[in-house]
Structures are given as C-alpha cells and as structure tokens.
Amino acid sequence: MSLSDPRSFRRLLLRTVLLPVMLLLVLTTVLLWEVDDLLETHETARRSQVMLTQVERVRQLFVDRETGLRGFLLTGDAVFLEPFQAAEQPLPQALEELEAGVAGDSEQLARVAQLRERWKDWENVAAEELVRFGDGGDWLSLVRSGAGKSRMDALRATLDAIALTERERSALQVAIAERGARSVLIGGMLWALAVSVLLAWLSRRQLLALVRDYETSLAQVRAQADALRASEARLEARVALRTAELSAANHELESFSYSVSHDLRAPLRAMDGFSQALREDEGPRLSPEGLQLLDRMQAAATRMGLLIDDLLQLSRVTRAELKREPVDLSALASAVADELRQREPGRDVTFSLQPGLATQGDARLLRVLMDNLLGNAWKFTSKRSGAHVEFFAETREGRTHYAVRDNGVGFDMAYASKLFSPFQRLHKATDFPGTGIGLATVQRIVHRHGGDIQAEATPGGGATFRFTLQESPP
C-alpha cells in the first residue's frame, strides 16, 4: 500500500490506532465487570458475617431466658428473673432481623420459622413452671421431665443449622472470588501483553512504510524509529515491572483492583503519547477529520484514566481498614464548601450548614463521602441561579439521619434504583461531567459505617440524599 495517497495513509493510521484502542476498551470492560463482581462477592461474604453475629445475639437471649428461669426456680430469688425478663422484649425484634437477613433463602426462612415454633414451645413450658412455682404446685416434676431442656436443645440445634449454612456460604464466596481473581489476573496480563506487542508491530510497520515511500524524510524517520525503540524498551521494562507486581498481587486478593487498574495506565499513556507524536510529526499530512479523530481518541484516554481513578477509590473504600474516632461532620462540610468556592469563585451558591453535627467514624472515608455529596449538589445546581445547598440532621424513629439537599436539576425517581450502581448516570455527560462512580462510593462508605442511604428528588425540583451512620462500634 502506497502512503503517497493521503486516503491510504489515513486508513492505515486509523487501523494502527483504533485496533489497539478497541482491544484496550474490551479489556477494560471485562476487568471493570470482574472487579464489580468481586466487590459484590465481598459484600455477600460480609452479609454472612453479619448474619452469624445476629444468630449469636439470638442464642444469647435464649440463654438469658433459660438461665434466669432456672436460677429463680432453684433459689426463689427474684433477682434471677432479671435476665429472664430483660431478654423477653428484644427477642421478637432480634428474630425479625434474623428473618430479614435470610430473606430470599427458602431453606433458611424455614429454619427461622421452625425456630419461632420451638421458642413458643419452650415459652409454654417455662410459663407452666412459673405458674406451678407460684401456686406451690409440683413444678419440680415438670423440670425433671426434661421438657424445657429438650426444647431449648432443639432451639440451639436450629440456630446451629442456620449458622452452619451462613459459614458455608461465606467460605464458598471467598473461594469463588479467589478463583475469579486468578483467572482474570492471568487473562488480563496475557491480553495486555498481546495489545503491547500488536501496538509495537503496527507502529514498526507504519515507520517502515514511511521510510520506503518518503525517502526525502529518511533522516527524520530514522530519528523517530530510534525514539520509538527507546520508548518500546521503557514500555517493556514497565510491563515487566507491572507483571512482577501482578504476580505478587495474586497472593493478596484485597489489592487486586489496585494492581489491575494501575497496570492499565501504561497502555493508556502509550496510546496518548503515540497520538501526540503522530500529531506533532504527521500533523501537516493529516486531514481535519484525522485530527478530529486524534482529539477524540485522546479525550477517550483521559476519560478512561478518570474511570480508573474512581474505580481505585471505590476499591480502596471497600477494603480500607475502618478506624473509628470522633468526627466533626459540620467541619468537614464547611471545608468541602470552601474548596468548591475556591475552585469556582464566580458561582453564586448559598451553603446552609448545620453546626455541631458530630459522629463516630473513619474521618478519611467520611471526608470522601462529603466531597461526593456536596460536590454533586454543587455540580447539579450549576445551571440554576440562586443555587442553595443544605447540610443538616434530623431524628427519625429515634435515629439520626444526615441530609444533603439542593435545588438543582433533580431527577426522575423512576430511575432511583440505578443511582448507587457503578457507572450509572441519569444525566448526559455533555450536560454534567462525571464517571458515575461517586454515589456508588458514597453508598459503600455508608454501609461500612453500618448505615443506609436514600435519595428523594423531582425533575427540576432538586434532590435530597439522607444517610445514617452507626454511632458506635459494633
């Protein structure tokens, strides 16, 4: 193919650049999907651990009932009835929470239903013993019959079965995650190596074609070839370094997301660098359409870099160690508001920040939460005059709910279920920039603090995000 024809040159140039870009996009999509799947697996395992804690709580309440009754019957001292009576009130709520935790699992729900029936049987026996004791009847024969003990043993057996199922589920999720991490890691390395080799081969082919068809520019082409070889050597060294890092990361599942995302940066930098080199060296020979395609490709590389940054933050939020300490949320909100004003001093935005709001939590993660919520409010009020952003707290059902409210563009609540999923957006990127990961990060921070988050909005009427936090360590 002769490159003296501008159309032939443009076709070769597009094939050289777009084919590696397409392969990288496929690799990125697969890796992002796998990382999200790993995060979901981690969340499932975490829920199993929460269920195990709830099972132990129910077990302890049953034990308090049993030992309190036994102590009272043996001694006649009403002091022993205190744990018996204290455990009576929280038991129904604890069983409801246990049932809610296994929702969707018919086998576990059946066990919870069986647990309720056995609890009722034991309570009936306990009530009979108390009545006989109070009336001076033969309560001892009922105790000796073992009716209460057999029912309590049945309760414990049911709780053991529920706990065993949750442990097995947690172990299975961990095993699935480890297998998935190994397969994706090996496949990603091979794919990245193939893309690098293909990019080097296509670049070399193009350089040779330029040397053959443009002999008058031989010296310049040789200089470019030398520069390219040096760049390839540096790239191969980086690939070797990243390969070693990825091999080590195979033994540490918690750093998987970081390693993969970090390794993606090298091909992106290469793509951006080669695009810039083509612009500088071959720009005069490119048509306006070719230059526009280069602009779009570099913009896509920049956006992919932002996606990787947000994905890294999301994975760090998921695996970072939670350090609880007193945190002044009002001070965090004020600091974020000051940074937003400094970033865009021309904006007319009124902040109403309730003072004195404090909690227990991880200060670093809660700063990320406030950055995202207030940053979203700032962004989605950018097209409204008289913008107003609020941060306040209110008490609902005895629990503190924190809220960030704005009078921005809002959204349709029919799509609210997509808000906290990674890479989901309810507005066009041309209207409001972003990667669609911020609210997913916020939700994971709230969940890690034992809370929940909800959104309320109307199109054109602003939005309100309410979240709760566990005020003390579990």
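All residue numbers refer to positions in the sequence shown, counting from 1. Note that the coordinates shown come from a computational prediction; the quantities given were computed from them, not determined experimentally.
Checking Q60 against R57 by side-chain atom types alone, no donor-acceptor pair falls below 3.5 Å. Counting only N and O atoms by type, the side chains of R347 and T381 include a donor and acceptor under 3.5 Å apart.
Taking the six-membered ring where the residue is Trp, the centroids of F380 and F411 are separated by 6.0 Å or more.
Within the model, atoms CG of L61 and CD of E88 stand 11.5 Å from one another, a figure rounded to the nearest 0.5 Å. Here CG of L142 is found 12.0 Å from CZ of R144. Values are rounded to the nearest 0.5 Å. Between the CE atom of M152 and the CG atom of L69 there is a distance of 9.0 Å, given to the nearest 0.5 Å. In this structure, the separation between CD on Q85 and CZ on F72 is 9.0 Å, given to the nearest 0.5 Å. Atom CZ in R341 sits 10.5 Å away from atom CG in D348 (nearest 0.5 Å). One distance of note links CG of L140 with OG of S145; it measures 10.0 Å at 0.5 Å rounding.
Residues D64 and A87 come closest through the heavy atom pair CB-CB, 3.9 Å. When all heavy atoms of T441 and V368 are compared, the closest pair comes out as CG2-CG1, 4.0 Å. Smallest separation of non-hydrogen atoms from V404 and F391: CG2-CD1, 3.8 Å. Shortest non-hydrogen contact noted between A393 and L357 is CB-CD2, 3.7 Å. In plain terms, the two heavy atoms of R384 and G460 that are nearest each other are NH2-O, 2.9 Å. In plain terms, the two heavy atoms of A154 and R118 that are nearest each other are O-NH1, 3.0 Å.
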Practice prompt. For side chain to side chain contact (heavy atoms under 4.5 Å, CB included), just list the numbers for L91 and F62, CA-CA rounded to whole Å, side-chain angles, deciding distance to a tenth of an Å, and then say yes or no.
Written response: CA-CA 8 Å; L91 251 176; F62 283 142; 3.7 Å; yes
Practice prompt. Assess whether side chain to side chain contact (heavy atoms under 4.5 Å, CB included) is satisfied between V349 and W378, documenting all intermediate values.
Written response: CA-CA 8 Å; V349 180; W378 179 272; 3.7 Å; yes
Worksheet entry | From CA spacing to verdict: side chain to side chain contact (heavy atoms under 4.5 Å, CB included), D105, R169 | CA-CA 12 Å; D105 188 333; R169 179 179 289 120; 2.3 Å; yes
Fill in: Evaluation steps, side chain to side chain contact (heavy atoms under 4.5 Å, CB included), between F351 and L340
CA-CA 11 Å; F351 281 95; L340 291 172; 4.2 Å; yes
Discussion item. Show, in sequence, the C-alpha distance, side-chain angles and deciding distance for R151 and E128, and conclude whether the salt bridge (charged side-chain N to carboxylate O under 4.0 Å, His left out) test is met.
Written reply: CA-CA 14 Å; R151 285 163 173 77; E128 179 65 20; over 6 Å; no
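Other residues, nucleotides and ligands place no more than 12 heavy atoms under 6.0 Å from the CD atom of Q454. In this structure, Q89 places its CD atom where only 12 or fewer heavy-atom neighbours from other residues, nucleotides or ligands lie under 6.0 Å away.
In this structure a side-chain-to-backbone donor-acceptor pair under 3.5 Å is present from S382 to K379. Between the side chain of R466 and the backbone N or O of A403, no donor-acceptor pair lies under 3.5 Å. Looking at R324, its side chain does come within 3.5 Å of a backbone N or O of Q360 through a donor-acceptor pair. Side chain of R65 to main chain of F84: a donor-acceptor pair is present (N/O by atom type, distance under 3.5 Å, no hydrogens or angles). For D135 (side chain) and G137 (main-chain N/O), no donor-acceptor pair under 3.5 Å exists by modelled atom type. Without hydrogens or angle criteria, E99 side chain to V112 main chain gives no donor-acceptor distance under 3.5 Å. In terms of modelled atom types and a separation under 3.5 Å, the side chain of T359 and the main chain of V327 share no donor-acceptor contact. Judged by distance alone, with hydrogens and angles left aside, the side-chain atoms of Q108 form a donor-acceptor pair with the main-chain N or O of I162 at under 3.5 Å. Looking at S330, its side chain does come within 3.5 Å of a backbone N or O of Q354 through a donor-acceptor pair. Here the side chain of R396 pairs no donor or acceptor atom with the backbone of H401 at under 3.5 angstrom.
Under the 4.5 Å side-chain criterion, counting only non-hydrogen atoms from C-beta, F465 is in contact with L439. Side-chain contact between M51 and S170: absent, with no pair of heavy atoms (C-beta onward) separated by less than 4.5 Å. With a 4.5 Å cut-off on side-chain heavy atoms, N376 and V442 do not count as touching. At least one side-chain heavy atom of L190 sits under 4.5 Å from a side-chain heavy atom of I186. Annotation: side chain of L74 is not in contact with side chain of F80 (no heavy-atom distance under 4.5 Å). Annotation: side chain of F467 is in contact with side chain of L373 (closest heavy-atom distance under 4.5 Å). Side-chain contact between H449 and L369 is absent, with no heavy-atom pair separated by less than 4.5 Å.
Using a 4.0 Å cut-off between charged nitrogen and carboxylate oxygen, R59 and E56 count as a salt-bridge pair. Of the charged side-chain nitrogens involved, none lies within less than 4.0 Å of a carboxylate oxygen, so that E123 and K120 do not count as a salt-bridged pair. The pair D362-R448 does not count as a salt bridge, with every side-chain nitrogen at least 4.0 angstrom from each carboxylate oxygen. A salt bridge between D160 and R156 is absent, with no side-chain N of the basic residue lying under 4.0 Å from a carboxylate O of the acidic one.
Considering R111, Q54, Q93, R116 as possible partners of L98, the one that fulfils the side-chain contact (heavy atoms from CB on, under 4.5 Å) test is Q54.
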